[in-house]
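Below is one structure; the comments refer to it alone.
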Protein chains: 2
Amino acid sequence: MSLGSRKQLILQAIIEDYINTAEPVGSRTVSKKYLTDVSSATIRNEMADLEEMGYIEQPHTSAGRIPSDKGYRLYVDHLMSQKAINQKDNDFIRKEFMDTIGEIDRLIKHASKLLSSMTKYTSIAMAPQFKRTCLKHLQIIKVDSFNILAVIVTDAGIVKNSVIRSEQDIDIDTLDKISKILNEKLLGLSIEELVKMDFSELDNSINGYKQIFTEILPELLQALKYSERAEIYYDGAANLLELPEYNDVQKAKDFLNVLDENDLLFDILNDVSKDTSVIIGKENKVHQLKNCSLITATYSFNGKIIGSVGVVGPTRMKYSKVISVVDCLTQNLNDILSKIIKT
Amino acid sequence: MSLGSRKQLILQAIIEDYINTAEPVGSRTVSKKYLTDVSSATIRNEMADLEEMGYIEQPHTSAGRIPSDKGYRLYVDHLMSQKAINQKDNDFIRKEFMDTIGEIDRLIKHASKLLSSMTKYTSIAMAPQFKRTCLKHLQIIKVDSFNILAVIVTDAGIVKNSVIRSEQDIDIDTLDKISKILNEKLLGLSIEELVKMDFSELDNSINGYKQIFTEILPELLQALKYSERAEIYYDGAANLLELPEYNDVQKAKDFLNVLDENDLLFDILNDVSKDTSVIIGKENKVHQLKNCSLITATYSFNGKIIGSVGVVGPTRMKYSKVISVVDCLTQNLNDILSKIIKT
DNA sequence: TGTTAGCACTCTTCACTGCTGAGTGCTAAT
DNA sequence: ATTAGCACTCAGCAGTGAAGAGTGCTAACA
């Protein structure tokens with residue numbers, strides 16, 4: 001069922017006005033501000049149709065109309081002007097990233113800050129999923145008589161450490177040899193595989209080091225397991241409270257509770273598969289966010305998706321703007337990752 | 001100027017009732033619930049005195065009294081029952097920490113979560129300040145032909161990594177030798193000193209490696225500088241909104257804005273010197289928190305303060321409870337740190 | 001047949017009103 | 001020094017009515 005082109009224009013007008021004002025939009029407003037050559041009475045008739053079709057709703061009899069989730073969906077998929085990213089924004093993001101060096105987690109945290117400050121909504125971000133990356137180098141270092149340190153570097157440039165206490169004073173050469181053996185055997189495996197791996201088959205290679213292996217390996221695997229869940233960040237929680245829809249304290253409370261639940265955020269960010277996805281209102285699996293829209297995008301390394309970022313806001317969201325910012329940001333993220341970490 | 005003992009009792013009654021109910025406390029309430037053998041009229045007279053002395057205030061003529069900052073201060077310093085930590089809470093904290101292994105930052109993050117969930121306020125925490133700890137071991141590892149990795153372990157068990165791209169393919173033995181030289185020269189120095197150090201005096205020791213040094217050192221120092229600022233965490237932001245004082249959206253907004261400003265939180269947590277400190281209302285240097293109270297405590301390693309944690313809430317805070325929880329938590333933190341990281 | 005003007009109707013919002021209850025300060029009696 | 005009693009103050013609440021926004025319907029018009 002396709003809408004007449006005038007109905008489309010009216011729906012678009014209603015949505016864009018509502019996005020800007022957060023006030024129900026009346027027929028008069030549409031007639032005066034958007035479709036000046038049509039009278040408000042005509043608009044009224046069309047609006048009644050649009051309501052019947054489920055694209056807009058009326059909060060109460062004497063109010064204007066507001067878009068429904070279905071309306072927003074049509075808008076995002078067909079009506080919205082796909083505005084290319086503002087050149088200025090693009091430059092800004094690029095520049096901000098240039099200045100951020102250091103650990104990759106820090107980069108993602110910064111990305112989250114950028115997203116929230118540029119969109120004025122709340123951003124969420126997931127650091128690279130360690131388990132999806134592959135072992136590139138492993139080295140066991142002696143710190144002192146009782147502490148050894150396992151350093152793991154993966155292809156996405158993630159580095160993880162694990163301090164292991166050892167009862168015996170192992171000499172450096174031994175550790176080097178063990179490092180070499182492990183490196184040979186394990187190189188290129190994903191951390192996910194590695195954790196599940198059956199190490200008994202290593203038996204042949206480790207003649208003479210068996211005792212040390214049985215002391216170190218479990219600790220190492222344990223540490224890997226603990227690193228499996230990626231860090232989750234959010235930023236700009238205060239932005240939400242600027243919006244009129246969150247003048248209701250209860251709603252603000254519910255929203256903040258979601259942000260405090262790392263598991264929930266993880267599920268949200270982990271669920272993303274497409275490059276960029278827009279989830280509107282009740283489309284959300286997480287029922288606490290059924291009044292929110294969520295725009296997420298993934299970032300990749302070596303063709304593999306390793307993490308994602310997103311923006312959460314009211315369904316009355318500046319979709320066009322946010323989508324372009326999120327897109328641009330992940331684009332830059334991909335660039336930087338592939339550049340920093342080229343072999 | 002010392003209060004009569006009955007005035008003290010009345011002040012205590014007012015404060016404790018107000019802490020529980022968030023409602024101004026009237027003379028009748030005090031007489032009925034706390035000092036049953038004195039009439040409300042007498043209480044009224046005493047309350048008028050207390051108000052004149054500045055310990056309590058009246059929101060408006062026909063309301064009861066609420067404590068002033070000065071009142072809370074007296075209460076915290078002299079009136080409050082210094083309740084020892086609940087044995088159950090202590091066990092709980094201990095147990096929670098036992099289960100948390102892994103990186104020290106994760107431990108602190110967990111501590112923050114614990115604080116907010118046990119106190120029902122918002123917690124803030126600063127991970128160990130890298131720069132205040134001393135170099136224990138430094139090792140430079142070859143990852144592949146173009147990437148080398150510097151691993152730095154400090155006495156507090158903090159491990160930092162820095163991936164350095166190198167134009168030349170340096171062989172492993174060379175890196176080992178460089179590691180040894182640097183270790184010898186730099187062991188025991190605090191990171192703070194290290195960053196400021198003049199490396200030209202190394203010249204003699206590095207015959208033959210000079211070119212490599214000049215490539216690696218600046219990168220290494222840069223990475224150290226970026227790690228200088230400790231991570232800041234907060235948790236339980238949603239708890240605040242449960243409190244009636246934050247039904248005013250504007251106040252909630254102001255508070256969230258503080259949490260979003262890492263620099264501000266850093267200043268707050270960095271300012272702490274005493275073991276445990278209680279800052280009430282306008283005593284706060286940060287003007288955004290002049291309606292809040294802040295209870296902070298430090299944790300140490302090797303006798304040096306390396307970080308701090310805190311709880312932020314309304315001035316109407318359950319001081320006794322929070323102080324005991326914060327104390328207990330840092331106590332446990334100290335224990336764990338000294339145990340985990342003993343040489 | 002699609003469009004428009006006009007009008008009665010609905011419903012929210014806001015300002016105003018008067019009432020109630022909580023709490024006070026003062027006074028006079030104990 | 002303490003207490004009972006009383007007049008007074010003020011926030012909060014419910015009720016009221018007017019104003020304004022927006023609608024749906026009808027009848028006229030191109």
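All chains are named by letter (A, B, ...) in the order of the sequence lines, taking the proteins before the strands, and each is independently numbered beginning at 1.
- Residues passing the side chain to side chain contact (heavy atoms under 4.5 Å, CB included) test with B:T29, sequence neighbours excluded: B:D17, B:V25, B:K33.
- Atom CD of B:Q58 is separated from atom P of C:dA22 by 16 Å (rounded to the nearest Å).
- Salt bridge annotation for B:R65-B:E57: absent, with no cationic side-chain nitrogen under 4.0 angstrom from a carboxylate oxygen.
- For B:N257, there are no side chain to side chain donor-acceptor pair (under 3.5 Å) partners, not counting sequence neighbours.
- One can place CD of B:E52 at 15 Å from C1' of C:dT24, the figure rounded to the nearest angstrom.
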Distance-only donor-acceptor hits, side chain of residues 286-294 of chain A, under 3.5 Å, sequence neighbours excluded:
residue: A:S293; atom: OG; partner: A:Y319; partner atom: OH; Å: 2.7

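- Rounded to whole Å, atom P of C:dT12 lies 14 Å from atom CD1 of A:I66.
- In this structure, A:I56 places its CD1 atom 14 Å from C1' of D:dG24, rounding to the nearest Å.
- Atom C1' of nucleotide D:dG24 and atom CD1 of A:I43 are separated by 15 Å, given to the nearest angstrom.
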Item to complete: Step by step, work out the salt bridge (charged side-chain N to carboxylate O under 4.0 Å, His left out) result for A:D77 and A:R73.
Response: CA-CA 6 Å; A:D77 289 345; A:R73 172 52 65 197; 3.2 Å; yes

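- Remark: B:T122 engages B:L240, B:F255, B:L259 in a side chain to side chain contact (heavy atoms under 4.5 Å, CB included) (not counting sequence neighbours).
- B:E57 has its CD atom 18 Å from the P atom of C:dG23, to the nearest Å.
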Short N/O separations, protein against nucleotides 13-19 of chain D, under 3.5 angstrom:
none

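- Atom-to-atom, CD of B:E51 to P of C:dT24 comes out at 10 Å; the value is rounded to the nearest Å.
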Discussion item. Within the 4.0 Å limit for protein heavy atoms, which parts of nucleotides 2-10 of chain D are touched? Write it as a string from 5' to 3', B for base, S for sugar-phosphate only, - for none.
Written reply: SBBB---BB

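- A salt bridge links B:D89 with B:K321: the closest approach of a Lys/Arg side-chain nitrogen to an acidic carboxylate oxygen falls below 4.0 angstrom.
- Using a cutoff of 4.0 Å between basic side-chain nitrogens and carboxylate oxygens, B:E245 and B:R316 are scored as salt-bridged.
- Of the options A:D91, A:N90, A:N86, a side-chain contact (heavy atoms from CB on, under 4.5 Å) to A:K88 is made by A:N86 and by none of the others.
- Atoms NZ (A:K33) and P (D:dG22) sit 11 Å apart, rounded to a whole Å.
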